[in-house]
Amino acid sequence: MVVIDEGSAQAKATYRADNGAIVTHVVPSRVAEQAKVDINGYAESAYFTEEGGEYTVNGDFDDIIRTNIPSYQTSEANRALVHETLRQSGFGGRPVRVAVTLPMNQFFSKVQGAPINQKLIASKKRNVLGGIKSAAGHQLAEIIDCKVYPEGIPALFDTIRNDDGSLKSGFEEGMKILVVDIGGTTTDVSVVTPNGTIESYDSFSTGVLTVVERFSELAAPEFGLKRIPRALAEEAVKSGRLKNMNVSELIQRASRNVMQTILRELEAMVSTPSLLDKILIVGGGAALMGRELAEAMGVEVLIPEQPDMAISRGIYKLEMLKARS
């Protein structure tokens, strides 16, 4: 089983290596709608789909496909990203079962009598299982089965449950935990109990890439540039440095508006934060603004190690527990 939480900024994979170790791998969700070439021919990460599409994954291109729109989740570009993540993880030429994700507001449905969007989930599965080949001639993984999970919520399982499914010390079944998944372009929010009951949920369009875009706008004139490539801006936001210069102040300025937007949405969803037992903050934005958000709400915060991998790890833990039962 390979779990790929293919968010709008990164595809995060979790799987068991041949030596038995649990391994994670990340591929940026940057896909161009063309099979790019280099001096050796087609690029290593270029793909042809059975529908006739051409895509190249993981480059700093100017023509990258938007990943923050619903149609991306069932697109050929998404299929290319899944296969490139599997190829880089060493699954070329091997049969593999995968689990992928959908944003919470697409996985669930607020239609009475149909709480889960089964139609979209089926479409997502068909897309992942669709035909594709490497333009560079690489052997690709043979995906023999595909499961779909919601983003956000599995991170709670990763954080509060042991590998055997038992609760970790300090958690009780009746607790109310606010799960905040700050992704690339979407923030998923849910109030969940440790037994998995979802009391409320919502999604809104802001995240780490909004900070990256704002940082680029602020930093470009400071460095005498017309634009800062997205890959370089993303790395600067992670590391706090650009061209060996400290840009922490610019990053704080860039993240301030995003944090205020998220805070307003949280306050609208949870009118009485004191009724919450804990807040779990995961995703790429957890390290960037998680503690400030929690302090503003006045509730104990949990930020796991490698918070951007928490969803992928949680799904993997769930799948391994199901396999043992």
Side-chain angles (χ1 to χ4, degrees), residues 7-10 29 66-70 103-106 150-153 155-156 159 176-192 199-222 227-228 230 232-242 246-304 306-308 310-311:
S8 55
Q10 296 176 324
S29 301
R66 289 178 62 193
T67 58
N68 63 338
I69 54 177
M104 198 175 297
N105 64 345
Q106 295 181 53
E151 296 175 2
I153 295 170
L156 181 63
T159 303
K176 289 187 178 182
I177 301 173
L178 177 65
V179 181
V180 183
D181 172 23
I182 308 173
T185 59
T186 303
T187 296
D188 288 327
V189 183
S190 53
V191 177
V192 190
E199 296 196 353
S200 59
Y201 69 89
D202 203 357
S203 298
F204 39 95
S205 298
T206 193
V208 177
L209 291 183
T210 313
V211 177
V212 170
E213 290 169 2
R214 180 58 179 151
F215 169 77
S216 295
E217 293 172 359
L218 294 171
E222 295 281 338
R227 63 177 290 273
I228 296 175
R230 176 173 142 179
L232 188 61
E234 286 182 31
E235 183 57 35
V237 169
K238 286 181 183 178
S239 66
R241 303 191 69 82
L242 179 64
N246 189 316
V247 289
S248 299
E249 185 178 338
L250 289 176
I251 294 169
Q252 288 177 354
R253 287 172 57 191
S255 63
R256 192 170 297 127
N257 287 345
V258 173
M259 190 180 72
Q260 290 301 319
T261 298
I262 294 173
L263 186 59
R264 283 195 299 271
E265 296 287 350
L266 293 179
E267 290 174 341
M269 181 177 173
V270 184
S271 56
T272 311
S274 60
L275 296 179
L276 297 169
D277 292 290
K278 299 177 190 295
I279 298 178
L280 171 63
I281 303 181
V282 297
L288 191 62
M289 60 190 90
R291 297 206 176 275
E292 290 183 67
L293 284 171
E295 288 173 8
M297 296 194 73
V299 181
E300 180 185 353
V301 62
L302 303 170
I303 300 179
Q306 288 187 295
D308 55 334
I311 297 170

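Heads up: numbering here begins at 1 and tracks the sequence.
- With sequence neighbours left out, the side chain to side chain donor-acceptor pair (under 3.5 Å) criterion links T206 to no other residue.
- For the pair P103 and D188, the tightest heavy-atom approach, listed with the atom from each and the gap, is CA-OD2, 3.9 Å.
- Side-chain contact check for N68 and S8: no donor-acceptor pair (N or O, by modelled atom type) lies under 3.5 Å.
- With a 4.5 Å cut-off on side-chain heavy atoms, L242 and F215 count as touching.
- Using a 4.5 Å heavy-atom cutoff, the side chains of M259 and I262 are not in contact.
- In terms of heavy atoms, S255 sits closest to M289 at CB-CE, 4.3 Å.
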Residues I177, V191; criterion side chain to side chain contact (heavy atoms under 4.5 Å, CB included); working and verdict: CA-CA 6 Å; I177 301 173; V191 177; over 6 Å; no
Salt bridge (charged side-chain N to carboxylate O under 4.0 Å, His left out) assessment of E217 paired with R214: CA-CA 5 Å; E217 293 172 359; R214 180 58 179 151; 3.1 Å; yes
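- Within the 3.5 Å criterion, the main-chain N or O of S203 finds no donor-acceptor partner in the side chain of N105.
- The side-chain heavy atoms of L209 and R230, taken from C-beta on, include a pair separated by under 4.5 Å.
- Minimum interatomic distance between A310 and P304 (heavy atoms only, all atoms of both residues): CB-CG, 4.2 Å.
- Checked against I182 for a side-chain contact (heavy atoms from CB on, under 4.5 Å), the options V282, D308, L293 give a single hit: L293.
- Between A286 and I303, the closest heavy-atom pair is O-CD1, 3.9 Å.
- Checked by atom type and distance alone, the side chain of S190 never pairs as donor or acceptor with a backbone atom of V192 at under 3.5 Å.
- Between S216 and R227, the closest side-chain pair of non-hydrogen atoms is not below 4.5 Å.
- Minimum interatomic distance between V299 and L276 (heavy atoms only, all atoms of both residues): CG1-O, 4.2 Å.
- Test V180, L266, V189 against I279 for side-chain contact (heavy atoms from CB on, under 4.5 Å) and you get one pass: V180.
- Under the 4.0 Å criterion applied to side-chain N and carboxylate O atoms, K238 and E235 are not assigned as salt-bridge partners.
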Worked verdict on E295 versus R291 for salt bridge (charged side-chain N to carboxylate O under 4.0 Å, His left out): CA-CA 6 Å; E295 288 173 8; R291 297 206 176 275; over 6 Å; no
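- Between I251 and A236 the shortest heavy-atom distance is CD1-O, 3.3 Å.
- The shortest distance between side-chain heavy atoms of E265 and T187 does not fall below 4.5 Å.
- Note: S200 OG to K176 NZ = 8.5 Å, rounded to the nearest 0.5 Å.
- Annotation: side chain of I153 is not in contact with side chain of D181 (no heavy-atom distance under 4.5 Å).
- T186 contributes no side-chain N or O that, together with a main-chain N or O of G183, makes up a donor-acceptor pair within less than 3.5 Å.
- The shortest side-chain heavy-atom distance between E300 and K278 falls under the 4.5 Å cut-off.
- Considering only residues two or more places apart in sequence or on other chains, R253 meets the side chain to side chain donor-acceptor pair (under 3.5 Å) condition with none of them.
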